[in-house]
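In what follows, a structure is listed as structure tokens, so that the remarks can point back to it.
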Amino acid sequence: MLARILLGVLGAALVVTPSGISQQASPRTFRFVSEWKVPPQNVAAYSADLDKTVRPTLESLLQEGAVLAYGLYVTTVNEDEGITNGFWFEIPSLVAMEKVQDKLAKLMPSTIVNSAIRHHDYLFRVILRNNRSARGSNGYFYVNSTLLQPGKRDQWREWWHKYQKPMYDQFLAEGLITSYELDSGEIHTMDPNWIYLAYVIPTAEALDKINNEFRIRVEKRSTEENQAINSALEVLVVAGSHRDYLARTTNYATK
């Protein structure tokens, strides 16, 4: 079902962190994402097929420990040439990824699966990941993508840890999200300076509360402070590169 990705030498397992952030490295983990574009009339059936075939496989591997988290999703805000369906799974190692792909490759293809117009896989390295044990359905999957200026990754991490991370830690503690993480490309099928913030939201009500919290935070700060924060960010990112992606998570689970 999924093509085997051939990988080279993994290299050092420690992640270099910017100054001001704890130098204790987290275990090196990965996020594998598989996405498709299918005809509009097949989106619901495609989602049902993934739920019937892929989800039980990922759930079994979650129980074994080969998978740390997984999710299946359907795009909510569609684009002309964008994807419609997808799933992700988190793995602790590339050995675990091979095990997952071997299991998925044994799934019998169906007519609806073969109706996909386009298919793309991504392998991300997880830079930072915080989560609570959770499982659910009909939540939301949000991905924020930003292209960094070359050589500015450490400075961006410092900016994000100071101005953004406390909010996501708060959302996690309050149950408004079940996980959040920062990812970068491990296999560079994209510009290596892209950085991705991905998080899972259990309900639409929680999504509304998150958006409201961000609005309140901006309103509480002075105009000068907001300008200073935005100016500090502008020199670190490529202007106009920011993109958002929103999907419904038909099923998700995190250990």
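Position 1 is the first residue of the sequence, and the numbers go up from there. FYI, side chains are in, hydrogens and waters are out, and symmetry mates aren't considered; it's all heavy atoms of this structure.
- Looking at N42 and S115, their side chains do bring a donor and an acceptor atom within 3.5 Å of each other.
- Between M167 and E213, the closest heavy-atom pair is CE-O, 3.9 Å.
- For S34 and H119, the side-chain atoms include at least one donor-acceptor pair closer than 3.5 Å.
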Side chain to side chain contact (heavy atoms under 4.5 Å, CB included) between D183 and R125: does it pass, once the steps are laid out? CA-CA 6 Å; D183 299 333; R125 171 165 41 91; over 6 Å; no
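- The aromatic rings of F214 and F171 lie perpendicular to each other, with more than 60° between the two planes, well past the 30° mark.
- A donor and an acceptor atom, one from each side chain of Q164 and Y180, are nowhere located under 3.5 Å apart.
- Residues K162 and I229 are not in side-chain contact: their nearest non-hydrogen atoms beyond the backbone lie 4.5 Å or more apart.
- In this structure, R129 and A69 approach most closely via the heavy-atom pair NH2-CB, 3.4 Å.
- Judged purely by atom type and a 3.5 angstrom limit, S179 has no side-chain atom pairing as donor or acceptor with the backbone of N131.
- Annotation: side chain of T250 is in contact with side chain of V74 (closest heavy-atom distance under 4.5 Å).
- In this structure, CZ in R153 is found 6.0 Å from CG in N193, a value given to the nearest 0.5 Å.
- Using a 30° and 60° split on the angle between ring planes, Y163 and W159 fall in the tilted class, from 30° to 60°.
- Residues S60 and Q63 are not in side-chain contact: their nearest non-hydrogen atoms beyond the backbone lie 4.5 Å or more apart.
- Residues W160 and V235 are members of one and the same hydrophobic cluster, defined by side-chain heavy-atom contacts under 4.5 angstrom among Ile, Leu, Val, Met, Phe, Trp and Tyr.
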Decide yes or no on ring pair (Phe, Tyr, Trp, His ring centres under 6.0 Å) for W88 and Y252, but give the supporting numbers first. CA-CA 9 Å; W88 82 83; Y252 63 90; 7.6 Å; no
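- At least one side-chain heavy atom of E174 sits less than 4.5 Å from a side-chain heavy atom of Q170.
- For the atom pair CG of N130 and NZ of K165, the computed distance is 5.5 Å after rounding to the nearest 0.5 Å.
- Residues L62 and V67 approach most closely at CD1-O, 3.3 Å, considering heavy atoms.
- Rounding to the nearest 0.5 Å gives a distance of 7.0 Å between OG1 of T146 and CG of L148.
- The closest donor-acceptor contact from the side chain of E181 to the backbone of V126 lies at 3.5 Å or more, if one exists at all.
- A donor atom on one side chain and an acceptor atom on the other are found under 3.5 Å apart for S110 and D49.
- Note: F30 and F124 fail the aromatic proximity criterion, with ring centroids not under 6.0 Å apart.
- N230 places none of its side-chain heavy atoms less than 4.5 Å from the side chain of Q227.
- Closest of all the heavy-atom pairs between D121 and T189 is O-OG1, 4.4 Å.
- Considering only heavy atoms from C-beta on, T249 stays 4.5 Å or farther from L72 through its side chain.
- In this structure, the separation between CD on Q155 and CG on L236 is 6.5 Å, given to the nearest 0.5 Å.
- Atom CG of residue L58 and atom CG of residue L104 lie 5.5 Å apart, to the nearest 0.5 angstrom.
- Side chain of H188 to backbone of G185: a donor-acceptor contact under 3.5 angstrom is found.
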Begin with the C-alpha distance, continue with both residues' side-chain angles, and end with the deciding distance and a verdict on salt bridge (Lys or Arg N to Asp or Glu O under 4.0 Å) for E35 and R118. CA-CA 8 Å; E35 296 182 326; R118 189 167 68 248; over 6 Å; no
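- By the rule that hydrophobic residues join a cluster once side-chain heavy atoms approach within less than 4.5 Å of another member, V77 and L197 end up as members of one cluster.
- Taking the six-membered ring where the residue is Trp, F89 and F32 present parallel rings, their angle staying beneath 30° rather than reaching 60°.
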Run the side chain to side chain contact (heavy atoms under 4.5 Å, CB included) test on I177 and I210 for me, step by step, so that the C-alpha distance in whole Å, both residues' side-chain angles and the decisive distance to 0.1 Å come before the verdict. CA-CA 9 Å; I177 59 176; I210 289 170; 3.5 Å; yes
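- F87 does not carry R55 over the face of its six-membered ring by the limits of under 6.0 Å from the centre and within 45° of the normal.
- Annotation: side chain of Y168 is in contact with side chain of Y199 (closest heavy-atom distance under 4.5 Å).
- Atom CD of E79 has 12 or fewer neighbouring heavy atoms from other residues, nucleotides or ligands inside a 6.0 Å radius.
- Residues I91 and L68 approach most closely at C-CD1, 4.2 Å, considering heavy atoms.
- A salt bridge does not link E81 to K37: none of the charged nitrogens lies less than 4.0 Å from a carboxylate oxygen.
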Stepwise side chain to side chain contact (heavy atoms under 4.5 Å, CB included) test for R248 and N138: CA-CA 6 Å; R248 292 298 300 272; N138 296 319; 3.3 Å; yes
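- One N or O on the side chain of T57 and one on the backbone of T53 form a donor-acceptor pair closer than 3.5 Å.
- Separation of atoms CD (Q101) and CD (E98) is listed at 8.0 Å; rounding is to 0.5 Å.
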Please report the C-alpha distance between R31 and Y70 in whole Å, then the side-chain angles of each, then the deciding distance to 0.1 Å, and finally whether the side chain to side chain contact (heavy atoms under 4.5 Å, CB included) criterion is met. CA-CA 9 Å; R31 173 188 285 255; Y70 71 83; over 6 Å; no
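- At a threshold of 4.5 Å between non-hydrogen side-chain atoms, the residues E90 and K255 do not count as touching.
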Test ring pair (Phe, Tyr, Trp, His ring centres under 6.0 Å) on Y142 and Y245; report intermediate values, then the result. CA-CA 6 Å; Y142 202 111; Y245 172 75; 8.8 Å; no
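- Between the side chains of N85 and Y46, no donor N or O sits under 3.5 Å from an acceptor N or O.
- No side-chain N or O of E186 forms a donor-acceptor pair with one of Y122 less than 3.5 Å apart.
- Scanning all heavy atoms of the two residues, the minimum distance from L50 to G86 falls at CD1-O, 4.3 Å.
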For the pair E219 and R215, evaluate salt bridge (Lys or Arg N to Asp or Glu O under 4.0 Å) and give the outcome as yes or no after the intermediate values. CA-CA 6 Å; E219 291 176 351; R215 178 186 60 80; 3.0 Å; yes
